[in-house]
Every structure is written in structure tokens, then in C-alpha cells.
Peer 1: 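Please find one structure pasted underneath; my questions will follow.
Below, all heavy atoms of this structure are taken into account, side chains as well, without hydrogens, waters or symmetry copies. In each ligand, atom 1 is the first atom listed, and ligand 1 is the first ligand listed.
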Amino acid sequence: MRIDIVTIFPEYLDPLRGALLGRAIERGLLNLDVHDLRRWTYDVHKGVDDSPYGGGPGMVMKPQVWGEALDEVCAGEPPRLVVPTPAGRPFTQAMAHEYATESRLVFACGRYEGIDQRVIDDASTRMRVDEVSIGDYVLVGGEVAVMVMVEAVARLLPGVLGNPLSAEQDSFSDGLLEGPSYTRPEVWRDRAVPEVLRSGNHKAIDRWRRDQAIERTFARRPDLLAALPPESLDKHDRAL
Ligand SMILES: Oc1ccccc1-c1ccno1
């Protein structure tokens with residue numbers, strides 16, 4: 001997979017080249033290019049924003065600069081363009097899986113009050129464009145949101161995670177939150193690991209883990225339970 005990121009703060013994305021993703025890049029599982037948007041500015045001040053039509057606070061990123069940048073970065077095989085914005089569609093694990101099947105992703109990091117809408121409208125005539133939010137809060141810019149999405153997608157690429165089962169047993173993989181996890185020691189500050197996990201009875205362990213996942217999801221994310229297909233909960237699940 002090839003990922004391109006356009007930003008006015010390229011150094012913000014440096015952490016993506018460390019640890020797990022850095023190894024994926026070294027192993028050729030992922031190509032990552034970060035581009036400084038100011039490369040496509042055309043005035044002495046390298047301006048990237050201007051005041052909003054209609055008035056209001058803040059500044060809007062200029063369409064000319066973004067248009068030139070995306071023309072060049074998105075050239076060749078049309079990528080899927082992802083534009084992080086608080087006004088976007090919620091980013092989910094299902095979208096991470098969908099993005100992980102793409103051969104090219106381009107992320108446009110907006111700042112200020114966002115990118116002139118005509119940039120998205122123009123790009124949509126040539127490629128699939130998603131305006132995506134990572135949560136119901138406001139950040140200063142899209143760089144953090146891009147790091148979240150790139151990590152969520154890259155870890156799903158074949159060979160990136162040491163154990164592929166980890167991705168298969170993620171929270172949300174079965175529509176539920178993951179239950180609690182434990183490791184040694186068996187007792188810590190007078191708190192013992194649940195006995196079933198030490199029993200060696202894998203049928204009982206699987207049942208206990210599913211019960212914990214359903215109870216946690218019911219308590220913290222009832223919306224996920226409501227979205228489950230009815231057939232995915234058995235009689236025991238419903239009795240919880
Ligand atoms: O708050 C933002 C500002 C710029 C770009 C993206 C965001 C955002 C907030 C939540 N998800 O994305």
C-alpha cells in the first residue's frame with residue numbers, strides 16, 4: 001500500500017516512521033510519503049489560507065494551493081482521498097478494514113477552519129473522497145487524525161502485526177468491545193486473576209470472555225449492541 005500525506009507540518013507525522021510502522025516501511029509492506037503543502041504556494045509569504053467568505057472567525061485554506069498539491073500527489077492511479085474533519089463521517093474499524101484493501105490512500109491535513117469546499121468537490125470528479133471524523137471533538141489540525149487512521153489501517157496490512165490473530169480478535173471485530181485482559185502474577189495487591197482463565201477449560205474460557213465482552217459493551221456502548229444483527233446473539237447472550 002502507498003500512503004501520501006499532505007500537511008503544512010510534515011514533521012508532525014515523523015512518529016509514523018517509528019516502531020511497528022517503521023518496520024513495515026523497511027519491509028516494503030507500506031510506502032509512506034509526506035508532502036509539505038507549502039511546496040505548492042506561489043507567493044513570497046508561502047500563504048496557504050485566507051479569510052472566509054461570509055465572514056466569521058478563523059481562516060480557510062486556499063483552493064489554488066490545495067488544488068495544485070492534489071493534482072500532483074494524486075497523479076497516476078487514482079487514490080482514495082481522505083480528508084479528516086470534525087464534520088466528517090465517523091471513522092470506524094470497519095472503515096479501517098475497507099481502507100486496508102486500497103492500493104493508494106492520500107490524506108489531506110486541513111488546518112484553521114478547514115479547506116475550501118471546492119477542493120473536495122473538484123477532487124470528487126476524479127477520485128473517491130471521504131470526509132472523515134475520528135471523534136466528536138475539535139482538534140487544531142488534521143495531522144493527529146491522520147496518524148490515528150494510518151496506524152489503524154497499517155496494522156491490518158498482511159505481515160505488519162506479528163500475530164495476525166491479534167487483528168482478528170480486535171475490539172469491534174465481532175461488533176463487541178473486548179473484555180478485560182490479565183497476565184502474571186496470579187495475585188497482585190490481593191486481586192486474583194479470574195479462576196476460569198487459569199482452568200485450562202478453553203470452552204469455559206471462550207464463554208467467559210464472550211460474556212465479559214457483552215456485559216462491557218452493554219455498559220459502555222449499548223449502541224454497538226443495538227447495531228448487532230439479531231442472529232449474532234445466542235440464547236445465553238440474551239439471558240445476560
Ligand atoms: O478537529 C479537526 C480539525 C482539523 C481536521 C480534523 C479534525 C477532526 C476532529 C475530529 N476528527 O477530525
Peer 1: Which ligand 1 atoms, with their elements, are less than 4.0 angstrom from a heavy-atom of Pro84?
Peer 2: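 Counting atoms of ligand 1 from 1, those under 4.0 Å from Pro84 are 5 (C), 6 (C).
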Peer 1: Considering only the protein, which heavy-atom contact is closest to atom 3 (C) of ligand 1, and what is its distance?
Peer 2: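 Checking every protein heavy atom, the shortest distance to atom 3 (C) of ligand 1 gives Leu139 O, 3.5 Å.
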Peer 1: So does Glu186 pair up with Arg198, basic N to acidic O under 4.0 Å?
Peer 2: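 A salt bridge is present here (some side-chain N lies under 4.0 Å from a carboxylate O).
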Peer 1: Given that the side chain starts at C-beta and the backbone is N, CA, C, O, which of these parts of Thr85 lies under 4.0 Å from ligand 1, counting heavy atoms, or is it both or neither?
Peer 2: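 Looking at Thr85 and ligand 1, just backbone atoms fall under 4.0 Å.
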Peer 1: Show me which atoms of ligand 1 lie under 4.0 Å from any heavy atom of Gly142.
Peer 2: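 What qualifies from ligand 1 is 4 (C), 5 (C), 6 (C).
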Peer 1: Atom 2 (C) of ligand 1: which protein heavy atom is closest, and how many Å away?
Peer 2: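 Heavy-atom neighbour on the protein nearest atom 2 (C) of ligand 1: Pro86 CD, 3.4 Å.
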Peer 1: Within the structure, is a non-hydrogen atom of Tyr137 found at a distance of less than 4.0 Å from ligand 1?
Peer 2: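 Heavy atoms of Tyr137 do come under 4.0 Å of ligand 1.
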Peer 1: With the threshold set at 4.0 Å, does a side-chain nitrogen-carboxylate oxygen contact exist between Glu178 and Arg209?
Peer 2: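 Judged by the 4.0 Å cut-off on N to carboxylate O distance, Glu178 and Arg209 do not form a salt bridge.
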Peer 1: Do the charged groups of Asp211 and Arg207 touch, with an N to O distance under 4.0 Å?
Peer 2: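 Yes, this pair counts.
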Peer 1: May I ask you to say whether Asp130 pairs ionically with Arg80, meaning some side-chain N is under 4.0 Å from a carboxylate O?
Peer 2: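 Result for this pair is yes, salt bridge flagged.
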Peer 1: Polar-atom distance check: Ile134 versus ligand 1, any N or O pair below 3.5 Å?
Peer 2: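 Among all N and O atoms of Ile134, at least one is under 3.5 Å from an N or O of ligand 1.
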Peer 1: Taking only Lys NZ, Arg NE, NH1 and NH2, and the carboxylate oxygens of Asp or Glu, determine whether Arg2 and Asp4 approach each other closer than 4.0 Å.
Peer 2: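 Salt bridge flag = yes for Asp4 with Arg2.
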